[in-house]
Enquirer: 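The structure that follows is given in the form of structure tokens.
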2 protein chains.
Amino acid sequence: MRISTKAQYAVRAMVSLSLHGEGKPLALHDIATREAISLAYLEQLFVKLRRGRIVKSVRGPGGGYVLARPAVEIRVDEIIDSVEESLVPVSCMDDKGRCVCGDQCVSHAVWQGLGERVRQFLSSITLADLTRDAANKARTVLSDEC
Amino acid sequence: MRISTKAQYAVRAMVSLSLHGEGKPLALHDIATREAISLAYLEQLFVKLRRGRIVKSVRGPGGGYVLARPAVEIRVDEIIDSVEESLVPVSCMDDKGRCVCGDQCVSHAVWQGLGERVRQFLSSITLADLTRDAANKARTVLSDEC
DNA sequence: AGCATACCCGAGTAAAACTGTCAATTAATT
DNA sequence: AATTAATTGACAGTTTTACTCGGGTATGCT
Ligand code: FES
Ligand code: FES
């Protein structure tokens, strides 16, 4: 029941982009050094974030990435979806709780309910929420472990 | 964000035990054939379930496993804990939300909140709930995919 | 006692998933 | 033209998962 580090990196990177970008394109190089994530790996992530219509790319010198929408409209579950981590807890079930077995297996309701809670919680948090928190924390301590 | 099949098997096996055991020891062989799970694998699971004080073993001929407590007192999260799957979504955090970074990382609150929801939901369901559902379903259809 | 049943346990393994790197390319700016 | 920086696909190392195998140990029955 772990979230992949890929998804964790994606969230962190998005907060960093939202916090330090401010409308202007921010190069991955900046995020990479600030968050101590390998540039090559970030590239991989941002391709997916772009395809998920969460960021837009600006090529050439002075280029980088910009949020595709205001931070208030970007939910955490969207970020995780983009990097291709499923939020459904079992592989036999799709996003809407439909299963290969209908709903006949004994634990169907457990996994379906669990998936719904996870989705509900992660969709209740926006990038703007995280960015605000990060700005407050930055005043006191600087720590970038996770 | 997937639950391991190990945990899924554990839940299914426990429902099967609770449903067909009725006080008497039920041999793993029975569960294995009924649920189409390999006996060797089930043995591995039940050692852990026993150490988690969820079942008791009865050795010798006519032996098997019995619930260690009434089904109403066995929660689904306990079953999953026993087979050693963590319900905390990130590896840097323990059960109580304590982190290597205090609570300084930007997404700390996200993962902590997520872990709490998962725990809360899975601890709200008991083996008795699942057994009752299974008994109802058995009347209409028989399907054991999951 | 001897035998069959059924739990007990550690080691080992093949496949899959995860994490991350590399090299080569395209596009825009100066 | 030179430089910056995103774009892309392929690929390798490591870890985790999902099992199997082989031999033990306790118990009850005849
Ligand atoms: S087939 Fe697995 S829960 Fe329905
Ligand atoms: S160290 Fe990872 S969330 Fe705190």
Side-chain angles (χ1 to χ4, degrees), chain A residues 1-13 17 21 24-33 35-52 54-68 80 82-86 89-92 146, chain B residues 1-13 17 21 24-68 80 82-86 89-92 146:
Chain A
M1 207 50 184
R2 285 272 154 80
I3 285 275
S4 65
T5 65
K6 189 191 281 190
Q8 295 178 45
Y9 282 150
V11 172
R12 268 176 62 199
L17 173 58
K24 307 264 180 186
L26 186 64
L28 285 191
H29 178 75
D30 284 17
I31 302 182
T33 52
E35 301 286 333
I37 305 175
S38 116
L39 177 60
Y41 198 37
L42 270 185
E43 285 173 344
Q44 207 185 83
L45 293 182
F46 272 77
V47 167
K48 290 175 179 167
L49 290 171
R50 182 173 56 81
R51 290 188 185 139
I54 292 194
V55 297
K56 280 181 181 168
S57 63
V58 181
R59 299 176 75 151
Y65 284 93
V66 198
L67 298 185
I80 296 175
S82 295
V83 295
E84 292 171 349
E85 169 148 359
S86 168
V90 287
S91 57
C92 49
C146 181
Chain B
M1 209 50 184
R2 285 271 156 82
I3 285 274
S4 65
T5 65
K6 189 192 280 191
Q8 295 177 46
Y9 282 150
V11 172
R12 268 176 63 198
L17 174 58
K24 308 263 179 187
L26 186 64
L28 283 191
H29 178 75
D30 284 17
I31 302 181
T33 52
R34 209 189 312 268
E35 301 288 332
I37 306 175
S38 117
L39 177 59
Y41 197 37
L42 267 186
E43 284 177 341
Q44 206 183 82
L45 293 183
F46 272 77
V47 167
K48 290 177 179 165
L49 290 171
R50 181 173 55 82
R51 290 188 185 139
R53 299 173 194 285
I54 292 191
V55 297
K56 281 181 181 167
S57 64
V58 180
R59 299 177 75 153
Y65 285 94
V66 196
L67 298 186
I80 296 175
S82 294
V83 295
E84 292 170 350
E85 168 148 358
S86 169
V90 287
S91 58
C92 49
C146 181

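Numbers restart at 1 for each chain; the letters A, B, ... are given by sequence-line order, proteins then strands.
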Enquirer: Nearest whole angstrom, please: distance from the P of D/dT15 to the CZ of A/Arg2.
Expert: 15 Å

Enquirer: Over how many whole Å does the gap from B/Lys24 atom NZ to C/dA6 atom P extend?
Expert: 15 Å

Enquirer: Set out, in order, the CA-CA distance, both residues' side-chain angles and the distance that settles side chain to side chain contact (heavy atoms under 4.5 Å, CB included) for A/Ile31 and A/Ile37, then state yes or no.
Expert: CA-CA 8 Å; A/Ile31 302 182; A/Ile37 305 175; 5.5 Å; no

Enquirer: So, do A/Lys6 and A/Glu85 sit near enough that their side-chain heavy atoms are less than 4.5 Å apart?
Expert: no

Enquirer: CG of B/Leu42 versus P of C/dA6: gap in Å, rounded?
Expert: 14 Å

Enquirer: Can you tell me how far apart CD (A/Gln44) and CG (A/Leu28) are? Round to the nearest 0.5 Å.
Expert: 12.0 Å

Enquirer: Measure from CZ on B/Phe46 to P on C/dA6 and round the result to the nearest Å.
Expert: 15 Å

Enquirer: Could you tell me whether the phosphate oxygens of C/dA6, OP1 or OP2, come under 4.0 Å of any side-chain nitrogen or oxygen in B/Ser57?
Expert: no

Enquirer: Can you check whether A/Met1 reaches B/Met1 side chain to side chain, under 4.5 Å on heavy atoms?
Expert: yes

Enquirer: Rounded to the nearest angstrom, tell me the gap between atom NZ in A/Lys56 and atom P in D/dT7.
Expert: 13 Å

Enquirer: Do the side-chain N or O atoms of A/Arg51 get closer than 4.0 angstrom to the phosphate oxygens (OP1, OP2) of D/dA6?
Expert: no

Enquirer: Using atom CG of B/Leu26 as one end and atom C1' of C/dT5 as the other, report the distance to the nearest whole Å.
Expert: 14 Å

Enquirer: Determine, for nucleotides 18-30 of chain C in 5'-to-3' order, which nucleotides have protein heavy atoms under 4.0 Å from the base (write B), from only the sugar-phosphate (write S), or from neither (write -).
Expert: -SBB----BSBB-

Enquirer: Students often mix this up, so state it plainly: with edges at 30° and 60°, are the rings of B/Phe46 and B/Tyr65 parallel, tilted or perpendicular?
Expert: tilted

Enquirer: With sugar-phosphate meaning primed atoms plus P, OP1 and OP2, does B/Tyr65 contact a base, only sugar-phosphate, or nothing at under 4.0 Å between heavy atoms?
Expert: sugar-phosphate

Enquirer: Going by the rule side chain to side chain contact (heavy atoms under 4.5 Å, CB included), which residues pair with A/Pro25 if we only count those two or more places apart in sequence or in a different chain?
Expert: A/Val58, A/Val66

Enquirer: Starting from P on D/dT8, measure out to CG on A/Leu45 and report it in whole angstrom.
Expert: 14 Å

Enquirer: Rounded to the Å, how far apart are B/Glu84 CD and C/dC9 C1'?
Expert: 14 Å

Enquirer: In Å and rounded to the nearest 0.5 Å, what is the CD to CD1 distance from B/Gln8 to B/Ile80?
Expert: 9.0 Å

